[in-house]
Amino acid sequence: MEAFTTLDGLVVPLDRANVDTDAIIPKQFLKSIKRTGYGPYLFDEWRYADRGEPGMDCSKRPLREDFVLNQERYKGASILLAGENFGCGSSREHAPWALLDYGFRCIIAPSFADIFYNNCFKNGILPIVLDADAVRRLMDECESTPGYRLRIDLPEQLVITPSGETFHFEIDDFRKHCLIHGLDDIALTLEHADEIRAYEKEQRARMPWLFIDVSG
Amino acid sequence: MPSEMRYTRPLSVHAFMRAYLCRGVNYMALTLFDKVWLQHVVRENDDGSVLLYIDRHLVHEVTSPQAFEGLRLAGRKPWRPSAAIATPDHNVPTIEREKGIADPVSRVQVEALDKNCREFGIAEFGMHDPRQGIVHVVGPEQGLTLPGMTVVCGDSHTSTHGALGAIAMGIGTSEVEHVLATQCLIMKKPKCMRIRVEGPLPRGVTGKDIALFIIGRIGTAGGTGHAIEFDGDTVHALSMEGRMSLCNMAIEAGARCGMVSVDQTTIDYVRGKPFAPKGEMWEQAVTAWRALHSDDAAVFDREWVFYSEEIEPQVTWGTSPEMVAPVTGRVPLISEARDAVQADSWRRALDYMALKEGTPIREIAIDKVFIGSCTNARIEDLRSAAEIVRGHRVASTVKQALVVPGSGLVKQQAEQEGLDRIFVEAGFEWRDPGCSMCLAMNADRLEPGERCASTSNRNFEGRQGMGGRTHLVSPAMAAAAAIAGHFVDVRDWQGEA
Ligand code: SF4
């Protein structure tokens with residue numbers, strides 16, 4: 001997992017509440033065998049005028065010009081400003097996979113659905129909860145300021161606006177530690193790699209049949 | 001000592017106990033599960049979970065692609081690729097395999113498995129390998145599953161392998177990735193339940209019937225949160241195939257895994273398998289395996305005892321494996337339900353199954369027959385079905401009767417014994433190995449409204465095809481139903497027309 005310390009990124013406002021996982025990535029894309037490649041289908045129904053199917057070449061599809069992600073000024077955004085209860089619906093990890101694959105590393109909203117919030121951390125995305133007024137203000141500033149960027153400082157737990165205004169956010173210490181160091185479950189287990197190796201050595205001597213090589 | 005007290009020991013004690021166990025000296029009474037578990041604890045985490053070492057990782061095409069992808073994205077390599085082995089089973093066609101897979105989604109999954117195995121150095125029995133088959137049939141057959149191992153697979157019916165005295169558990173895709181990358185799983189110890197079945201094994205009763213009988217008694221949530229050890233004379237009178245059918249269905253009782261302790265039957269089964277230890281190492285292993293049983297004084301969180309004389313061949317009538325009756329019985333009356341909730345679920349099940357309450361099981365006529373799946377597609381299963389079928393014909397009212405061997409080697413063995421001819425002459429279709437109509441992910445499925453006598457493990461709505469109706473039975477019962485066109489008691493089998 002990619003570590004997250006600070007981020008200076010272009011912001012896109014998605015001014016809707018209750019954006020569910022099916023809107024983030026519609027179910028026809030879940031048959032894929034991959035966890036990458038979902039970016040072009042992120043918010044598929046809102047982004048394109050036709051119905052999306054897995055494997056389509058999205059560069060040729062008709063766009064809905066009014067959808068924010070399609071506007072030139074938001075191209076390359078890495079921070080998503082969203083309404084309350086973002087990520088509700090199913091537990092599918094495809095939703096954060098799609099957001100990450102599109103290029104989002106941070107989502108700021110007044111609230112998130114629980115499982116989605118957890119899944120973000122597993123995939124190196126920082127979900128930030130700010131109060132509804134703050135999110136509203138950021139949205140307004142963003143819409144009225146072309147090229148609007150925010151600076152996210154995870155160690156200090158701050159969102160910093162171009163004018164230097166700061167918003168403090170809360171985050172669980174353990175999650176913060178994992179994000180800053182790029183640690184996922186696997187990385188955490190691998191911190192004990194020496195213990196695993198020592199265990200293997202001991203066990204291999206005692207019960208060698210458990211280590212018969214089956215790859216031959 | 002109450003068993004809970006053993007759960008929270010610090011690492012040093014785990015290591016200490018492991019050392020003791022390995023010398024065959026137990027200083028305290030342990031269950032079979034405890035023994036295998038303790039031998040695999042790498043470390044204890046602060047929250048009471050442990051890092052559990054995994055000896056064998058079985059991989060199939062449906063639950064592995066995103067796990068491999070995760071490794072690739074993170075630039076990780078499998079920790080011990082030689083501990084894993086893969087085979088495609090869910091999506092493979094069971095006829096005209098040489099033509100490849102027609103359905104693009106299925107094809108992509110199977111091809112992805114081939115590619116991932118090559119890239120990450122994992123051995124694979126590919127679709128055209130004679131050793132390919134349902135992963136839970138292949139593991140024990142190849143000696144990939146050994147007594148005392150921890151075995152995982154991204155598939156709930158991994159519980160099957162517990163028949164060899166292993167801790168065998170199904171895991172999710174993120175855990176598949178975790179095991180690939182670290183050879184460990186983060187886990188909290190489940191509780192232990194023992195289910196003893198005592199008495200001689202009745203004629204016509206198989207591991208499958210015992211499993212269905214038990215689930216009928218304890219319910220599909222009866223084993224939730226537990227590792228189940230199946231014990232008692234009846235269980236130990238079963239062949240390894242029968243024990244595998246039983247442990248296979250532990251998951252349908254809600255358990256994390258099922259196990260049977262090691263006895264001579266286990267050791268005889270493992271001897272000579274391709275990946276089993278040989279020579280001196282074999283002797284050493286057998287000595288260790290002989291300790292793989294619960295100590296007399298071991299304490300379980302829950303215990304059940306059943307008597308084999310109560311067990312008859314079983315047939316499910318509803319849409320959950322607990323909705324089951326003996327073949328001599330009948331579908332229950334709604335008024336017999338224990339409460340309103342159960343009455344309601346029975347009503348819905350009968351409606352879906354298009355059955356009237358009180359219908360005698362033997363009057364239920366069927367449209368299709370499926371002999372296969374990781375529950376009942378081993379050689380012994382095919383033998384017992386063939387014995388019923390020999391010299392008879394599938395009833396004219398039965399539209400299709402499939403026999404799908406569990407692996408290429410089971411198929412070969414059956415053909416050497418001439419079982420294929422018995423089936424084909426009777427009007428069965430003899431197919432190539434795979435999951436097939438157990439879950440209808442390939443082309444084999446029920447049409448809406450069709451009723452099937454099936455040797456698989458799940459009778460959920462739509463499991464064998466949308467609108468399909470499944471009755472779970474043993475292979476012999478399925479074979480007899482194919483000939484008779486309706487359920488019959490195999491114990492009376494003379495081959496009615
Ligand atoms: S045979 Fe059925 S239950 Fe067994 S692994 Fe295949 S799909 Fe799952």
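Lettering follows sequence order; numbering is per chain, from 1. Just the heavy atoms: all of them, side chains too, but no hydrogens, waters or symmetry mates, feed the values below.
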*Would B:Phe275 and A:Trp209 satisfy side chain to side chain contact (heavy atoms under 4.5 Å, CB included), going step by step from the backbone distance to the final call?*
CA-CA 9 Å; B:Phe275 292 102; A:Trp209 58 88; over 6 Å; no
*Contact class of A:Glu200 relative to chain B, heavy atoms under 4.5 angstrom*: side chain
*Considering only heavy atoms, which portion of A:Ala193 lies under 4.5 Å from any heavy atom of chain B: side chain, backbone, both, or neither?*
both
_Heavy-atom contacts under 4.5 Å, residues 76-86 of chain B to chain A_ = B:Arg76, B:Trp79, B:Arg80, B:Ser82, B:Ala83, B:Ala84, B:Ile85
*asked:* Quick check on the structure: residues of residues 51-65 of chain B within a heavy-atom distance below 4.5 Å of chain A, by number.
replied: B:Leu51, B:Tyr53, B:Asp55, B:Arg56, B:Pro65
*A:Ile33 and B:Ala112: which non-hydrogen atoms are nearest, and at how many Å?*
CD1-CB, 3.3 Å
_Restricting to non-hydrogen atoms, name the atom on B:Val42 and the atom on A:Tyr199 that form the minimum distance, rounded to 0.1 Å._
CG2-CG, 3.8 Å
*Determine, stepwise, if the pair B:Cys184 / A:Ile196 fulfils side chain to side chain contact (heavy atoms under 4.5 Å, CB included).*
CA-CA 8 Å; B:Cys184 292; A:Ile196 301 173; 3.8 Å; yes
Whether over 12 other heavy atoms sit under 6.0 Å from [X] [atom1]:
X        : atom1 : result
A:Asp50  : CG    : yes
B:Met466 : CE    : no
A:Glu2   : CD    : no
A:Gln157 : CD    : yes

*Return the set of residues passing side chain to side chain contact (heavy atoms under 4.5 Å, CB included) with A:Leu10 (not counting sequence neighbours), or none when no residue passes.*
A:Ala77, A:Arg149
_Test item: A:Glu93 side-chain N/O and B:Ser174 main-chain N/O as donor-acceptor pair under 3.5 Å_ = no
*Are B:Glu69 and A:Arg35 close enough for a salt bridge, meaning some N to O gap below 4.0 Å?*
no
_Between B:Pro277 and A:Ile212, is there a side-chain heavy-atom distance shorter than 4.5 Å?_
yes
*Approximate separation, where rounding is to 0.5 Å, of A:Met207 CE and B:Gln284 CD*: 9.0 Å
*Starting at OG1 of A:Thr36, measure out to CD of B:Gln66 and round the result to the nearest 0.5 Å.*
9.5 Å
*Which bit of B:Val108 comes within less than 4.5 Å of chain A, counting heavy atoms only: side chain, backbone, both or neither?*
both
*Listed by residue number, which members of residues 169-191 of chain A have a heavy atom under 4.5 Å from any heavy atom of chain B?*
A:Asp184, A:Asp185, A:Ile186, A:Ala187, A:Thr189, A:Leu190
